[in-house]
Amino acid sequence: MKLQKIILASTAAVLAISTGFAFAQFQKPEDAIKYRQSAFTVMANSFGKIAAVVKGEAPYNKDDVAKNAAIVAMISTLPWQAFGPGTEGGKAQSDVWSDNAKFKAASEKMQLAVADLNKAAQSGDLENIKKSFSAAGATCKGCHDDFKKK
Ligand code: ASC
């Protein structure tokens, strides 16, 4: 097997295993809160770098935007497993748990939107990047309005 194939295969195996076990487990609620806030922090950092380009405050560099969009898309899959039962707190409103179906739907909408942004960023079409960035930003804001403490 070529090295790249081996790496891909082992990554897939690790992901498959950790999705089923370690990912969703936290010793204490504070650990879950720290995990999800850290994921949002990393996501916001990369999203903010793309924002600067979209707003014309930073020059467009295809590789940088592609890298940051890939980070956002990847990390967007992570926080949700850290909103399990008994992990109330941090900046989350209680509606996350009392209206969990709506929260889950909002989280899925965001993941789809940032996957779109990532697709546009990889292809390097700035107009598409701008459009999908703004759609993605709206999904962030929508969820914050409904589920994040002010
Ligand atoms: C960001 C960031 C968010 C979203 C949101 C969009 O850059 O950190 O949470 O955009 O403000 O409305």
Side-chain angles (χ1 to χ4, degrees), residues 8 11-12 14-150:
L8 273 179
T11 306
V14 168
L15 277 179
I17 292 163
S18 39
T19 306
F21 304 97
F23 271 22
Q25 290 175 359
F26 299 96
Q27 296 286 327
K28 306 183 292 262
E30 301 84 72
D31 294 344
I33 292 169
K34 195 169 160 187
Y35 180 97
R36 68 202 187 210
Q37 290 187 345
S38 304
F40 286 126
T41 299
V42 171
M43 228 188 306
N45 181 282
S46 278
F47 198 69
K49 285 173 182 157
I50 304 171
V53 174
V54 165
K55 289 186 206 156
E57 296 165 0
Y60 174 52
N61 176 291
K62 186 192 166 181
D63 290 346
D64 282 351
V65 170
K67 188 183 86 177
N68 283 309
I71 290 170
V72 172
M74 171 71 213
I75 304 299
S76 75
T77 65
L78 297 180
W80 322 110
Q81 64 204 336
F83 285 96
T87 66
E88 285 86 345
K91 294 195 168 177
Q93 289 185 29
S94 56
D95 307 57
V96 166
W97 292 271
S98 63
D99 199 354
N100 195 252
K102 187 176 170 190
F103 179 67
K104 188 165 184 283
S107 82
E108 284 165 1
K109 208 170 154 187
M110 185 278 263
Q111 291 173 76
L112 289 174
V114 299
D116 266 359
L117 171 62
N118 187 31
K119 211 186 285 176
Q122 302 311 316
S123 75
D125 176 340
L126 187 55
E127 281 317 300
N128 264 337
I129 291 169
K130 285 180 180 173
K131 268 185 226 150
S132 50
F133 174 87
S134 135
T139 67
C140 302
K141 184 176 185 305
C143 203
H144 292 171
D145 289 349
D146 291 340
F147 295 105
K148 189 181 174 191
K149 283 183 186 158
K150 303 298 168 287

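Every number for a ligand or one of its atoms is a count from 1 in the order of the listing.
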Does K141 pair with D145 as a salt bridge, N-O distance under 4.0 Å?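 The answer is yes: the pair qualifies as a salt bridge.
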
Any carboxylate oxygen within less than 4.0 angstrom of a Lys/Arg side-chain nitrogen, looking at E30 and K34? no

Quick one: does any side-chain atom of [X] pair with a main-chain N or O of [Y] as donor and acceptor, under 3.5 Å?
| X | Y | value |
| --- | --- | --- |
| N68 | D64 | yes |
| S134 | K130 | no |
| S46 | M43 | no |

Give me the one residue out of F26, F40, F83, W80 that meets ring-ring contact (aromatic ring centres under 6.0 Å, His included) with Y35. F26

Around ligand 1, what residues show up once you keep those with a heavy atom under 4.0 Å from it?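 The answer is A44, F47, G137, C140, K141, H144, counting any residue whose heavy atom sits under 4.0 Å from ligand 1.
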
